[in-house]
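Here's the structure, in structure tokens; my notes come after.
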Amino acid sequence: MKKTLAIILTLAMVLALCACGGSAAPAATQAPAEAPAEAPAEAPAADSDLAYVQGKGTLIVGITDFAPMDYKDDAGEWIGFDADMARAFAESLGVAVEFIEIDWDNKILELNSKSIDCVWNGMTLTDEVLSSMNCSKPYCNNAQVVVVKADVADQYQTVESLSSLAFAVEAGSAGEAAVQELGLDFTAVSTQADALMNVAAGTADACVIDLLMAGAMIGEGTSYDQLTYTVSLTEEKYGVGFRSGSDLTDAFNAFYADAFAAGTVKDIATVYGVQESIVAE
């Protein structure tokens, strides 16, 4: 009888503990399945260059003083084939254009730092340019030519005859690359215009500049009528340079094709005497 009573009391205590959440161990539960790891979210796409330019309302064009592509008129306004084309391109984007004169040797740095939005200044499509910028299709043919004083021009009609000359060339230009490749003696100056002035002043025997500039700046009827060009060192093409990956490049190519078809390119080129050098689209 005592054993029976003890068993009954024990059962009653167990039931009471279970009812009030006492020390009885809870039933084992299955751990929730681990949620699959989420794939890393893609970084938001950076704003396009086109959207960036349209957002600020201005296309900033890096140039140098380089007739007939970019130079100032008597009122101090930038004109030239490239300058007028840049205005037309900016208008097609619905923005204003601003020209900033740059150190040509620093054009890539200026572009990547967003000090400018494009380099548009009779820029030769060299290997360096093509590897560091997103470049347009070629729009103009050109060459690098040797400029000397007209009274000695007959002495310098071949590449071999140039070895004794001291040259002035624009730093970072295709002209500088050409004289370096030939192992000629040269001094780097800020612009092609400075290179011409050095030859006219006699501080350099010769310079190497763009054929299009030579056609506009030297010879009869110009400020440098005592200068002429002789040897052609390279043949090349001009393009517009944008930042790597920039969608402004496609926008320019589409604009140029439309402007060429409409006759706008030829009209502007004719104003500046470069119509024979224009690349057909």
Side-chain angles (χ1 to χ4, degrees), residues 43 45-56 58-66 69-70 78 80-83 85-86 89-90 93 95 97-144 169-182 186-195 208-213 233-257 277 279:
D47 285 342
S48 72
D49 249 8
L50 176 58
Y52 167 70
V53 166
Q54 290 178 324
K56 64 190 176 78
T58 307
L59 177 73
I60 303 177
V61 182
I63 62 172
T64 67
D65 189 345
F66 171 22
M69 312 311 279
D70 294 297
W78 286 104
F81 176 70
D82 282 352
M85 287 293 293
F89 178 51
L93 301 179
V95 301
V97 68
E98 179 182 350
F99 298 102
I100 293 183
E101 202 167 358
I102 61 172
D103 180 336
W104 195 244
D105 209 21
N106 293 333
K107 57 188 176 293
I108 297 168
L109 177 63
E110 296 277 9
L111 187 62
N112 291 339
S113 67
K114 289 193 171 183
S115 298
I116 58 176
D117 299 313
C118 61
V119 182
W120 196 339
N121 191 75
M123 181 176 68
T124 302
L125 295 174
T126 63
D127 290 342
E128 179 192 23
V129 164
L130 290 169
S131 66
S132 56
M133 300 183 196
N134 200 355
C135 295
S136 71
K137 294 179 180 178
Y139 67 88
C140 199
N141 295 304
N142 185 49
Q144 293 299 311
V169 293
E170 180 183 44
S173 69
E176 181 181 45
V179 297
Q180 283 179 323
E181 185 173 345
L182 291 171
F186 72 92
T187 298
V189 296
S190 296
T191 67
Q192 293 190 76
D194 288 339
V208 177
I209 63 171
D210 290 52
L211 174 61
L212 290 179
M213 184 178 194
L233 299 181
T234 66
E235 292 183 359
E236 58 199 35
K237 295 185 183 298
Y238 287 163
V240 184
F242 301 94
R243 280 178 278 278
S244 295
S246 174
D247 53 356
L248 281 170
T249 311
D250 289 339
F252 169 82
N253 288 336
F255 156 79
Y256 185 85
S277 297
V279 173

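Model, not experiment: these values are computed from the prediction. The figures here come from the full heavy-atom set of this structure, side chains too, leaving out hydrogens, waters and symmetry mates.
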Indicate yes or no: at least one non-hydrogen side-chain atom of Gln180 is less than 4.5 angstrom from one of Phe186.
yes

Grab the two heavy atoms, one from Val240 and one from Cys118, that are nearest each other, plus how far apart they are.
CG1-CB, 4.2 Å

Verdict with supporting geometry, Glu235 and Asn141, side-chain hydrogen bond (donor to acceptor under 3.5 Å, both in side chains):
CA-CA 8 Å; Glu235 292 183 359; Asn141 295 304; over 6 Å; no

On the 0 to 90° scale, with breaks at 30° and 60°, tag the Phe252-Phe242 ring pair as parallel, tilted or perpendicular.
tilted

Return the OG to CG distance between Ser244 and Asn112, rounded to the nearest 0.5 Å.
6.0 Å

Ser48 and Asp247: CA distance, side-chain angles, deciding distance, side-chain hydrogen bond (donor to acceptor under 3.5 Å, both in side chains) verdict
CA-CA 6 Å; Ser48 72; Asp247 53 356; 3.0 Å; yes

Restricting to non-hydrogen atoms, name the atom on Val208 and the atom on Leu233 that form the minimum distance, rounded to 0.1 Å.
CG2-CD1, 3.9 Å

Scanning both residues in full, the closest heavy-atom pair of Ser132 with Ile108 reads OG-CD1, 3.1 Å

pair Tyr238-Val279: side-chain heavy atoms closer than 4.5 Å:
no

Decide whether a cation-pi geometry holds between Lys114 and Tyr52; the criteria are a distance under 6.0 Å from NZ or CZ to the six-membered ring centre and an angle within 45° of the ring axis.
yes

For Met85 and Phe255: C-alpha separation, side-chain torsions, deciding distance, then whether side chain to side chain contact (heavy atoms under 4.5 Å, CB included) applies.
CA-CA 10 Å; Met85 287 293 293; Phe255 156 79; 3.9 Å; yes

Does the side chain of Glu236 reach to within under 4.5 Å of the side chain of Leu125, using non-hydrogen atoms?
no

Any Arg243 side-chain heavy atom under 4.5 Å of Asn134 side chain:
no

If you apply the rule side chain to side chain contact (heavy atoms under 4.5 Å, CB included), what do you find for Tyr139 with Asp82, and how did you get there?
CA-CA 10 Å; Tyr139 67 88; Asp82 282 352; 2.9 Å; yes

Close side-chain approach of Lys237 and Thr124, heavy atoms under 4.5 Å
no

Are the side chains of Glu101 and Trp78 in contact, using a 4.5 Å heavy-atom criterion?
yes

Test applied, side-chain hydrogen bond (donor to acceptor under 3.5 Å, both in side chains); reference residue, Thr64; option that passes from Asn121, Asp103, Asp194
Asn121

Side chain to side chain, Leu93 and Leu248, heavy atoms closer than 4.5 Å:
yes

Test side chain to side chain contact (heavy atoms under 4.5 Å, CB included) on Ile209 and Glu170 and set out the steps.
CA-CA 8 Å; Ile209 63 171; Glu170 180 183 44; over 6 Å; no

Give the minimum heavy-atom separation between Glu176 and Gly172, together with the two atoms involved.
OE1-N, 2.7 Å

Where do Ala86 and Phe99 come nearest, in terms of heavy atoms and distance?
CB-CE2, 4.0 Å

Let's go through Asp117 and Lys56 carefully: what are the C-alpha distance in whole Å and the side-chain angles of both, what is the deciding distance for salt bridge (charged side-chain N to carboxylate O under 4.0 Å, His left out) to 0.1 Å, and is it a yes or a no?
CA-CA 11 Å; Asp117 299 313; Lys56 64 190 176 78; 2.7 Å; yes

Taking the side chain as every heavy atom from C-beta outward, state whether Ile102 and Ile116 have any pair of such atoms under 4.5 Å apart.
yes

Met133 side, atom CE; Glu128 side, atom CD - distance, nearest 0.5 Å
7.5 Å

Provide the closest heavy-atom pair for Asp70 versus Ala83 in the form atom of the first, atom of the second, distance.
OD1-N, 3.2 Å

Apply side chain to side chain contact (heavy atoms under 4.5 Å, CB included) to Phe89 and Trp120, showing your working.
CA-CA 11 Å; Phe89 178 51; Trp120 196 339; 3.7 Å; yes

